Each structure stands twice: as structure tokens, then as C-alpha cells.
A.B. asks: 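Take a look at this one; I'll ask things after.
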Amino acid sequence: MKTDFSKVGIEDLLNLFVQLSIEQGEAIYLANTSGFNRLGDTLYEIINEIKRRPDDRGQSMLKLFGHPNTQVRFNAATAVSGLFTNEARRAIQSIADSKSDLIASDARMYLRTLDERKQQS
Amino acid sequence: MTERDNAYLRHQQKSWLRPDGHRWVCPDAARFLKPGAEAAKAYPALDRKYSSSQRRVPAGRSDGGQWTSGNANGSGNDQPQPMGSIDFGDLSGLSDLSGLFQIAPTDFDLEDLTLLAGDVPTGDSPEPPSNEPPEIPTQRPESGGPVMKFIREAVAWTGRVGRYSPYADVFFGALQQIDETNAITNAIKSANDPPRPLEELQDRVGPKSESGYHDHHIVEESSARDAGFSEDLIQGRDNLVRIPVVKHIDITSYYARKTLQSDGSRISPRQSLESVSFEERRQFGLQVLREQGVLK
């Protein structure tokens with residue numbers, strides 16, 4: 001069931017985004033794939049809501065690029081990778097370079113796919 | 001005396017009769033000696049397990065602690081650096097081994113590990129790395145989140161101290177008391193395997209299963225079948241590799257995780273490969289194996 005986020009303020013949306021992203025990181029750690037995807041359903045709605053707001057258009061995601069949690073940074077960067085291409089790429093690249101994290105391999109595969117699509121188009 | 005009590009006694013007696021009985025010498029045995037005394041002199045079994053004169057690969061590498069005949073740090077002909085004296089205090093988390101003998105046998109086989117990628121509760125946060133080994137529970141952790149959390153922590157710890165180090169040896173010996181089929185123990189041991197050439201991973205595939213390892217389809221089996229590719233391709237030698245269980249779980253999980261794409265869609269790698277050729281899927285699969293540190 002979809003949640004109506006249209007009346008939720010940006011700051012609250014961002015807080016929820018951070019909380020769910022942290023839970024997603026834990027789901028990767030525990031190999032809980034269905035839990036990860038369920039959290040992703042809600043995250044997807046939040047992101048679309050933020051992008052829809054005329055006074056934001058996804059801009060507020062940029063400040064999450066400096067968040068200490070890797071999954072928060074990864075989700076924020078992939079959420080706006082089509083809008084803020086260079087900034088998002090730098091954020092994903094920094095995760096990919098970290099090597100020590102489970103999410104780093106996701107980031108490397110993400111960039112690889114991104115580059116391949118660019119070459120094809 | 002109940003049957004369970006008898007089993008307990010048999011178990012305890014057996015551990016002192018077995019050839020690797022030294023494993024059950026308390027790792028912090030030094031605290032029972034007078035100050036300044038060397039634990040290895042009082043407990044020769046421990047000394048046999050480790051000698052600073054033996055050349056070993058330094059801790060922190062995937063093969064750390066393993067004997068080596070050559071240069072351990074890979075830089076010319078320098079003498080390898082021994083790990084130094086065993087600091088038994090580092091293993092305080094393992095000092096109470098008595099609780100391990102209270103374990104009743106449980107039904108558990110490798111199949112339980114395949115459940116790890118399934119639907120599990122998410123209450124626990126990942127622990128930050130520490131020099132202490134993860135606490136060995138008094139019973140085998142429940143399938144799903146609890147066992148995966150324990151395995152992750154143990155894999156991280158053995159990666160730091162060295163898979164073949166005396167520390168890891170003591171840890172695995174203790175763990176085997178609650179892990180009768182060795183499925184968890186072998187999953188932890190194999191997870192720190194170094195990357196191997198494709199030939200080696202392929203040669204390992206055979207009719208006989210190997211604890212700690214799963215046979216993995218480079219091009220995912222079910223989605224390839226859904227796409228109509230032939231069984232010869234799917235089950236062919238070129239498409240099969242034997243890899244550590246934990247890596248297999250991580251790769252399967254990765255394929256199913258939906259990620260936001262630059263065009264605003266949200267799809268999993270499995271979905272993104274639906275319309276591509278077998279060879280493209282294979283190249284992608286090989287890249288995933290490289291990223292996971294399985295394939296050299």
C-alpha cells in the first residue's frame with residue numbers, strides 16, 4: 001500500500017530517507033534481500049515526492065552526500081544521478097573506492113553499468 | 001543419569017582423547033601461572049601449535065597465519081616477520097569454553113545456510129570491527145539474520161587475525177562444538193579465500209559437494225531458463241564455478257536488490273539483464289565474481 005507523503009515536510013522526508021537507508025544497509029549485511037527491497041519501495045516513493053516538490057526538485061539530497069552511513073550516501077547519489085550527474089558520480093566513486101564495505105562492490109557495478117550505457121547511447 | 005547427561009559426559013571425555021586435544025587448553029591459560037612464567041612451557045600443546053621461528057604469512061592477509069616457505073611480505077628476499085608471542089589475553093572472549101559442552105545436538109545441514117538470503121527480521125545493527133573474536137553462542141544461532149550476523153562478524157575477525165593463525169584455530173575448534181555439521185565453521189573459513197583463476201573455480205565443481213562451498217551459475221540458472229537458453233549452456237562447464245558459501249549468498253542477494261537508476265527507474269541487476277544475450281550475462285556474472293573478490 002502506498003503512503004501519501006504529499007503533506008510531509010522536506011526535513012521529515014529526509015529524516016525518513018536516512019532512517020530507511022540505514023535499515024537497508026543492515027539488510028545487506030544480513031543478506032535480507034526481500035527486506036531490502038521492501039524498504040526500497042518506500043524509499044522510492046519518498047525520493048519521487050522530494051523530486052516533485054517545486055522548491056526542491058531533489059536538491060536537498062545533495063546534503064546527504066556527506067552522511068556518515070554508506071548506504072545513505074549511495075541511495076542519495078543514485079536517487080539524483082540523472083539530475084546532478086557529476087556530483088552523484090563523485091559520491092558513488094568515493095564509495096566504490098572505499099573497498100572495505102559490502103556496498104562498495106554495488107557502487108563499482110553501478111558505475112560500470114552507467115559507463116556501458118553511456119557508451120551504447 | 002539421563003541420556004542427555006551421558007551424552008554430555010561422552011562428549012567431554014572425547015574432547016580430551018582426540019588428537020587435537022590441545023585445542024581445548026584454555027587460551028588464557030597464562031593467567032593461572034605465576035607472573036613471568038611462559039605459558040608455552042607449562043602447556044607444551046600450545047607451543048606445538050605456534051612457534052615464532054616458523055615462517056608465517058602476516059595477519060591481515062587472506063592467508064594470514066599460514067606457514068610459508070618464502071617471503072611473507074612479498075618484497076624481495078627479506079626474512080618474513082613472525083607474528084610474535086601469542087597474547088593469550090586477546091582471546092578473553094573464548095576463555096569460558098565450559099559452556100560449549102552444554103550444547104545439545106541440533107539438526108542442521110548446509111541447506112539451512114541457503115535460507116540466509118531469505119526473509120529475516122532486521123533488528124540488529126552491524127557491529128563495528130574489533131580485535132575481539134565474536135562471542136560464540138551456547139547454541140547454534142537461528143537461521144537467517146542471527147546466523148548471518150555471527151558469520152559476518154567471524155569472517156571479519158578471522159580476516160584480521162589470519163585464517164590459519166593459532167587464534168583462528170582455537171576459535172574454530174570451539175565453534176565446532178555447537179556446529180556439528182561444520183556448516184557455519186566452513187562457511188566462515190571459506191569466506192576469506194583469496195581470489196582464484198577461473199579455471200581453478202571451474203575445476204573444483206564436481207558431483208561431490210564440499211562443505212563451505214556452493215556451486216554457482218555464472219549466468220543465473222532460473223533467469224537463463226526463463227529466457228529460453230539451453231540446458232547445455234546453463235549447466236555447462238563454462239557456466240559453473242564452486243565458490244565460498246558467503247560469497248554465493250552475497251552474489252545472489254546482489255542480483256535481486258533493486259537499485260535506483262539514472263533514468264529514475266528502480267530495477268535489480270537480474271531485471272536489467274532480462275533482454276540481453278547469454279554472453280553478455282556471462283560477462284556481467286564474471287565481473288560480479290571479480291567485484292566480490294572470488295575471481296582473480
Side-chain angles (χ1 to χ4, degrees), chain A residues 20 22-41 43-45 47-48 51 58 61 69-71 74-85 88-89 92 96 99-118 120-121, chain B residues 113-127 129 143-153 155-156 159 245-270 272-273 276 280 283-284 287-294:
Chain A
L20 296 179
I22 291 170
E23 286 179 31
Q24 263 201 331
E26 291 168 4
I28 294 177
Y29 188 77
L30 300 176
N32 177 9
T33 312
S34 54
F36 177 94
N37 284 338
R38 266 201 307 275
L39 291 161
D41 292 341
L43 278 163
Y44 191 50
E45 289 177 41
I47 290 158
N48 286 337
K51 285 182 185 171
M61 282 285 164
N69 183 282
T70 315
Q71 187 64 25
F74 185 64
N75 278 348
T78 53
V80 293
S81 63
L83 300 170
F84 307 101
T85 316
R89 184 166 183 111
I92 298 168
K99 290 181 182 172
S100 60
D101 203 297
L102 281 169
I103 302 156
S105 62
D106 282 27
R108 287 193 291 274
M109 287 304 292
Y110 189 90
L111 290 175
R112 186 175 178 270
T113 309
L114 208 62
D115 291 343
E116 279 176 359
R117 282 185 189 155
K118 204 180 282 178
Q120 285 165 4
S121 59
Chain B
L113 283 175
T114 62
L115 299 175
L116 298 177
D119 190 7
V120 294
T122 56
D124 299 314
S125 303
E127 298 290 333
S143 296
V147 77
M148 196 64 199
K149 183 172 185 285
F150 176 74
I151 288 173
R152 292 271 195 226
E153 288 169 1
V155 168
V245 169
V246 173
K247 300 290 186 185
H248 190 222
I249 290 167
D250 281 339
I251 291 172
T252 307
S253 174
Y254 166 72
Y255 266 93
R257 288 201 296 270
K258 292 180 185 174
T259 309
L260 288 153
Q261 307 298 311
S262 54
D263 62 1
S265 65
R266 177 174 161 258
I267 56 169
S268 66
R270 186 175 292 154
S272 73
L273 293 168
V276 305
E280 281 176 275
Q283 290 307 318
F284 187 90
Q287 189 59 34
V288 173
L289 285 168
R290 282 186 204 102
E291 292 298 349
Q292 289 288 337
V294 178

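Being a predicted model, the structure only gives us computed values, none of them experimental. The sequence lines fix the lettering, A, B, ..., with proteins before strands; numbering per chain opens at 1.
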A.B. asks: Do you know which of A:N75, A:T113, A:I28 has the most heavy-atom pairs with chain B at a distance under 4.5 angstrom?
C.D. replies: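 The answer is A:I28.
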A.B. asks: Once side-chain contact (heavy atoms from CB on, under 4.5 Å) is applied, do any residues pair with A:S105, and if so which ones, sequence neighbours excluded?
C.D. replies: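 By the side-chain contact (heavy atoms from CB on, under 4.5 Å) rule, A:S105 matches A:R108, B:E291, B:Q292.
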A.B. asks: Which heavy atom of B:I249 sits nearest to which heavy atom of A:A31, and what is that distance?
C.D. replies: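 Taking every non-hydrogen atom into account, CG2-CB, 3.5 Å.
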A.B. asks: Using a cut-off of under 4.5 Å on heavy-atom pairs, state which of A:R117, A:E116, A:M109 scores highest against chain B.
C.D. replies: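 Top option by heavy-atom pairs under 4.5 Å: A:M109.
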A.B. asks: Checking heavy atoms, do the side chain of B:D250, its backbone, both or neither come under 4.5 Å from chain A?
C.D. replies: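 When you check distances to chain A, only side chain atoms of B:D250 fall under 4.5 Å.
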A.B. asks: Could you have a look at A:V80, A:N37, A:D41 and say which one has the most heavy-atom pairs with chain B under 4.5 angstrom?
C.D. replies: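 Of A:V80, A:N37, A:D41, A:N37 has the most heavy-atom pairs under 4.5 Å with chain B.
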A.B. asks: Counting heavy-atom pairs closer than 4.5 Å to chain B, which one of A:I47, A:D106, A:L43 comes out on top?
C.D. replies: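 Top option by heavy-atom pairs under 4.5 Å: A:D106.
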A.B. asks: What's the shortest heavy-atom distance between B:G145 and A:L30, and which atoms?
C.D. replies: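 It is O-CD2, 3.6 Å.
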A.B. asks: Non-hydrogen atoms of chain A under 4.5 Å away: do they reach the side chain of B:V246, the backbone, both or neither?
C.D. replies: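 The answer is neither part of B:V246.
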A.B. asks: How long is the straight-line distance from CZ of A:F36 back to OG1 of B:T259, given to the nearest 0.5 Å?
C.D. replies: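 If I round to the nearest 0.5 Å, the distance is 5.5 Å.
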A.B. asks: Which of the residues B:Q261, B:R152, B:K258 is involved in the greatest number of heavy-atom pairs with chain A at under 4.5 angstrom?
C.D. replies: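 So the answer, after comparing B:Q261, B:R152, B:K258, is B:R152.
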A.B. asks: Go through the atoms of B:S268 and report whether side chain, backbone, both or neither lie under 4.5 Å from a heavy atom of chain A.
C.D. replies: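 No part of it gets close to chain A.
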A.B. asks: Between A:N48, A:T78, A:L114, which has the largest tally of heavy atom pairs under 4.5 Å with chain B?
C.D. replies: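 Top option by heavy-atom pairs under 4.5 Å: A:T78.
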A.B. asks: With rounding to the nearest 0.5 angstrom, report the OH to OG distance, A:Y110 to B:S262.
C.D. replies: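 Here the interatomic distance stands at 5.0 Å.
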A.B. asks: Heavy-atom cut-off 4.5 Å, strictly under: side chain, backbone, both or neither for A:I22 against chain B?
C.D. replies: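 Neither part.
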A.B. asks: Identify the two heavy atoms, one from B:Q283 and one from A:R112, that lie closest to each other, and give their separation to 0.1 Å.
C.D. replies: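 Between these two residues, the closest heavy atoms are O-NH2, 4.4 Å.
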